[in-house]
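One structure below.
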Amino acid sequence: MNTTSTPTRAAGADPHSHGPQGPAHGAGAPAGRNGPAVAAMVLGVVGWVTSIVFVGGLFGVVGLGLGVAALRKAGRTGVGRGMAVTGLVTSFLAIVVSVLVAVFMTWYANQTQPCYDPGSFRQYRECVHQQLTGH
């Protein structure tokens, strides 16, 4: 007695195929894409990486705007929420880091202003050390 069964195939199905033909049960059309979410995520990450040189803050502002738009679109379509949130968070971080770097650079420039005309790098280092430590 043969215990193996041969699966039946629909008419016109490829006899060499090992799986079912057509979409799986319950599978629908692709959900689509959320372009603003992708753009927000990319700009947020690039902004975060470049925020130490101030440019990242500009990327972050654009990424933040796109992230908000992408989050609204994700609410309507259900697509791209994770990327939109990632874009918002990284864009926000890019802006914060850029602002902190700008504040630090302004403070540093103010503290070391008398050292801007040194005769050598060694003199500059000594002057900066004196200005920052008070010695």
Side-chain angles (χ1 to χ4, degrees):
M1 176 172 190
N2 186 358
T3 59
T4 60
S5 65
T6 305
T8 59
R9 298 197 186 275
D14 182 9
H16 302 290
S17 173
H18 295 286
Q21 300 292 317
H25 178 69
R33 296 186 184 167
N34 188 339
V38 174
M41 186 176 69
V42 169
L43 285 172
V45 170
V46 169
W48 189 30
V49 170
T50 61
S51 61
I52 198 156
V53 290
F54 305 113
V55 176
L58 298 175
F59 287 126
V61 169
V62 175
L64 201 61
L66 284 170
V68 169
L71 206 54
R72 287 183 182 155
K73 184 175 181 179
R76 288 190 315 269
T77 64
V79 177
R81 180 166 168 38
M83 286 188 286
V85 170
T86 301
L88 284 169
V89 170
T90 54
S91 294
F92 179 75
L93 288 173
I95 294 167
V96 169
V97 170
S98 291
V99 167
L100 289 175
V101 167
V103 167
F104 173 76
M105 293 301 286
T106 302
W107 172 83
Y108 180 83
N110 188 40
Q111 294 296 316
T112 60
Q113 191 172 6
C115 305
Y116 289 159
D117 193 22
S120 69
F121 183 69
R122 183 172 181 256
Q123 288 175 343
Y124 173 76
R125 270 191 6 222
E126 289 173 3
C127 180
V128 168
H129 179 71
Q130 288 174 355
Q131 293 298 319
L132 296 179
T133 62
H135 296 112

Please tabulate, for the side chains in residues 78-90, all donor-acceptor contacts under 3.5 angstrom to protein atoms that are two or more places apart in sequence or on a different chain.
residue	atom	partner	partner atom	Å
T86	OG1	G82	O	2.8
T90	OG1	T86	O	2.8
T90	OG1	G87	O	3.4

Can you name the closest pair of heavy atoms from Y108 and Y116 and give their distance? O-OH, 4.5 Å
S51 to V101 - nearest heavy-atom pair and separation: O-CG2, 4.3 Å
To the closest 0.5 Å, what do you measure between CG (N34) and OG1 (T77)? 5.5 Å
Just to verify, what does T106 make a side-chain contact (heavy atoms from CB on, under 4.5 Å) with, not counting sequence neighbours? none
Here the gap from R125 atom CZ to T112 atom OG1, rounded to the nearest 0.5 Å, amounts to 15.0 Å
The criterion is side-chain contact (heavy atoms from CB on, under 4.5 Å); which residues satisfy it with L100, sequence neighbours excluded? V96
Does E126 have any side-chain contact (heavy atoms from CB on, under 4.5 Å) partners at least two apart in sequence or in another chain, and if so, which? R122
Per the salt bridge (charged side-chain N to carboxylate O under 4.0 Å, His left out) rule, what does the pair list look like for residues 93-112, sequence neighbours excluded? none
Could you give the side-chain donor-acceptor pairs of residues 36-50 under 3.5 Å, partners two or more places apart or in another chain?
residue	atom	partner	partner atom	Å
T50	OG1	V46	O	2.8
T50	OG1	G56	N	3.4

Ignoring hydrogens and angles, write down the donor-acceptor pairs under 3.5 Å from the side chains of residues 66-74, residues two or more places apart or on other chains.
none

Other residues, nucleotides and ligands only: do more than 12 of their heavy atoms fall within 6.0 Å of CD1 on I52? no
List for me each residue that meets salt bridge (Lys or Arg N to Asp or Glu O under 4.0 Å) alongside R76, sequence neighbours excluded, and say none if there are none. none
State plainly whether one hydrophobic cluster holds both L58 and I95, where clusters connect Ile, Leu, Val, Met, Phe, Trp and Tyr through side-chain heavy atoms under 4.5 angstrom apart. no
side-chain contact (heavy atoms from CB on, under 4.5 Å) partners of Q130, counting only residues at least two apart: none
